[in-house]
Amino acid sequence: MPEGHTIRRLASEHERLFAGTPVRVSSPQGRFGDARVVDGAVLEATDAWGKHLFHEYAGGRIVHVHLGLYGTFTTHALPAPTPRETCRMRIVGDDAAVDLVGATICELLDGGGKAAVLARLGPDPLRPDADPDRAWQSLRRRRIPVGQALLDQSVVAGVGNVYRAEALKAHGIHPLRQASSITEEEWRALWRTLVRLLRKGVREGRISGRTIYRLDACQTCGAPVRRWDLAGRWAYACETCQPL
DNA sequence: TGGGCATGCGCAA
DNA sequence: TGCGCCTGCCCAT
């Protein structure tokens, strides 16, 4: 379930479990060979930006994780069970262990590497320092549908298919409207909704209260939900609530 | 019990 | 443009 709210929760949990103490880091599967570089190091802090998670170790070593579509972290009490064969990274601390499987990215970076990742990302609605105007400046120049632009992580970071569908629906905006046609007022309202929905997702640990995403009928008016392929991802709209 | 699908993204072709 | 990643969930059988 990895949209931005999931990553934020993982960052908080991992910081609570491990921050300030040395941890054992390994790669039972073997595909994260650089695990040995941080094995035994102190995890100083965690950070989340959009769908990207960072474990920041002493000495400027940073482990960067992106879960992709079906990567997951699981947390175990100690003693941790034997890791499954596909476990990309295991972290063991004083009180708990976490296992990572199925991730798209699990790599070692330095500060410059992290900066390069962040440079490709737009503002994250979950971050207090996020600048929605940066996203607006980016959005208004795009000659693509607004639904496509909202999934572009260089415009806004952390929004996935569910939040895209629900946020546009909440404001009666059809996903196929041109990004450049969105007014500044509409964008500010959309941003506030993204902040509200993502924060709710962090609080609840899941995305609740869907009104169109993967539903047959609009929960507002009962009209059938239209679904079509938009740049390789399913898009959803109630064409009564969101006229084009 | 097993097939299909997906809240994502990078890369090869 | 389509595949690989390699899991969890839902649904048909």
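Throughout, a chain's letter reflects where its sequence line sits, starting with A, and its residues are numbered from 1.
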Could you give the [atom1]-to-[atom2] distance, from [X] to [N], as a whole number of Å?
| X | N | atom1 | atom2 | result |
| --- | --- | --- | --- | --- |
| A/Arg214 | B/dA6 | CZ | C1' | 6 Å |
| A/Ile105 | C/dG4 | CD1 | P | 19 Å |
| A/Tyr70 | C/dC3 | OH | P | 13 Å |
| A/Ile7 | B/dG8 | CD1 | C1' | 10 Å |
| A/Glu166 | B/dT7 | CD | P | 12 Å |
| A/Tyr163 | B/dG8 | OH | P | 11 Å |
| A/Leu100 | B/dG8 | CG | P | 17 Å |
| A/Arg210 | B/dT7 | CZ | P | 11 Å |

request  = Output yes when at least one side-chain N/O atom of A/Tyr213 is less than 4.0 Å from OP1 or OP2 of B/dT7, else no.
outcome  =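 Answer yes for this pair, as a side-chain N or O of A/Tyr213 is under 4.0 Å from OP1 or OP2.
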ask   = Has A/Lys51 got a side-chain N or O lying under 4.0 Å from the OP1 or OP2 atom of B/dT7?
value =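 No, no such contact exists.
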List in numerical order all residues of [range] for which some heavy atom is under 4.0 Å away from an atom belonging to DNA chain B.
| range | result |
| --- | --- |
| residues 191-204 of chain A | none |
| residues 147-156 of chain A | A/Gln153 |
| residues 222-234 of chain A | A/Arg227, A/Arg233, A/Trp234 |

ask   = In whole Å, what separates the P atom of B/dG10 from that of C/dG8?
value =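 Going atom to atom, P in each nucleotide, I get 23 Å.
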C1' atoms of B/dC5 and C/dC3, separation to the nearest Å =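 The answer is 16 Å between these two C1' atoms.
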task = First locate atom OG1 of A/Thr75, then atom CG of A/Asp95, and finally report the distance between them rounded to the nearest 0.5 Å.
result =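 Separation between the atoms: 12.0 Å.
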ask   = Atom CG in A/Leu198, atom CD1 in A/Ile207: separation rounded to 0.5 Å?
value =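 Going from the CG atom of A/Leu198 to the CD1 atom of A/Ile207 covers 8.0 Å.
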Using side chain to side chain contact (heavy atoms under 4.5 Å, CB included) as the criterion, point out the one residue from [options] that pairs with [X].
| X | options | result |
| --- | --- | --- |
| A/Val65 | A/His52, A/Met89, A/Arg88 | A/Met89 |
| A/Asn161 | A/Arg214, A/Glu166, A/Arg233 | A/Arg233 |
| A/Arg90 | A/Val23, A/Asp99, A/Leu100, A/Val98 | A/Asp99 |

task = Check every strand shown and say whether A/Arg164 touches a base, only sugar-phosphate, or nothing at a heavy-atom separation below 4.0 Å.
result =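 Contact class for A/Arg164: none.
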query = Do A/Arg199 and A/Val202 have side-chain heavy atoms sitting under 4.5 Å apart?
reply =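 A/Arg199 does not reach A/Val202 side chain to side chain.
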Distance-only side-chain donor-acceptor flag, [X] / [Y], under 3.5 Å:
| X | Y | answer |
| --- | --- | --- |
| A/Thr46 | A/Glu56 | no |
| A/Thr220 | A/Lys169 | yes |
| A/His174 | A/Glu239 | yes |

Side-chain donor/acceptor contact of A/Thr104 with base of B/dG10 under 3.5 Å =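 No such pair is found, so the answer is no.
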[X] side chain: which of [options] is closest?
| X | options | result |
| --- | --- | --- |
| A/Gln29 | B/dG8, C/dC6, C/dT7 | C/dC6 |
| A/Pro2 | C/dT7, B/dT7, B/dC9 | B/dT7 |
| A/Val162 | B/dA6, B/dT7, B/dG10 | B/dT7 |
| A/Arg31 | C/dC6, B/dA6, C/dT7 | C/dC6 |
| A/Asn161 | B/dA6, B/dT7, B/dG10 | B/dT7 |

key: 5' priority, DNA chain C, between A/Ala103 and A/Thr74 [closest heavy atom]   =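 Nearest-nucleotide comparison on DNA chain C picks A/Ala103.
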ask   = Does the salt bridge (Lys or Arg N to Asp or Glu O under 4.0 Å) test come out yes or no for A/Glu184 and A/Arg188, once each step is laid out?
value = CA-CA 6 Å; A/Glu184 187 165 7; A/Arg188 290 189 186 285; 2.9 Å; yes
request  = Find out if a path of hydrophobic residues (ILVMFWY) with successive side-chain heavy-atom gaps under 4.5 Å connects A/Ile173 to A/Val162.
outcome  =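 The answer is yes; both residues are in one hydrophobic cluster.
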inquiry  = Quick check: is A/Phe73 connected to A/Tyr57 through a chain of hydrophobic side chains (ILVMFWY, heavy atoms under 4.5 Å apart)?
reply    =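 Both belong to a single hydrophobic cluster.
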ask   = Does any pair with a residue in residues 202-222 of chain A pass ring pair (Phe, Tyr, Trp, His ring centres under 6.0 Å), and if so which ones, sequence neighbours excluded?
value =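 Matches after skipping sequence neighbours: A/Tyr213-A/Tyr236.
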key: Set of ring-ring contact (aromatic ring centres under 6.0 Å, His included) partners for A/Phe18, sequence neighbours left out   =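 For A/Phe18, no residue satisfies ring-ring contact (aromatic ring centres under 6.0 Å, His included) once neighbours in sequence are set aside.
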inquiry  = Against the six-membered ring of A/Trp228, is A/Arg226 placed for a cation-pi contact (under 6.0 Å from the centre, within 45° of the normal)?
reply    =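 Yes - A/Arg226 lies over the ring of A/Trp228, closer than 6.0 Å to its centre and within 45° of its axis.
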ask   = Near DNA chain C, under 4.0 Å by heavy atom, which residues of residues 76-89 of chain A?
value =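 Contacting residues: A/Arg84, A/Thr86, A/Arg88.
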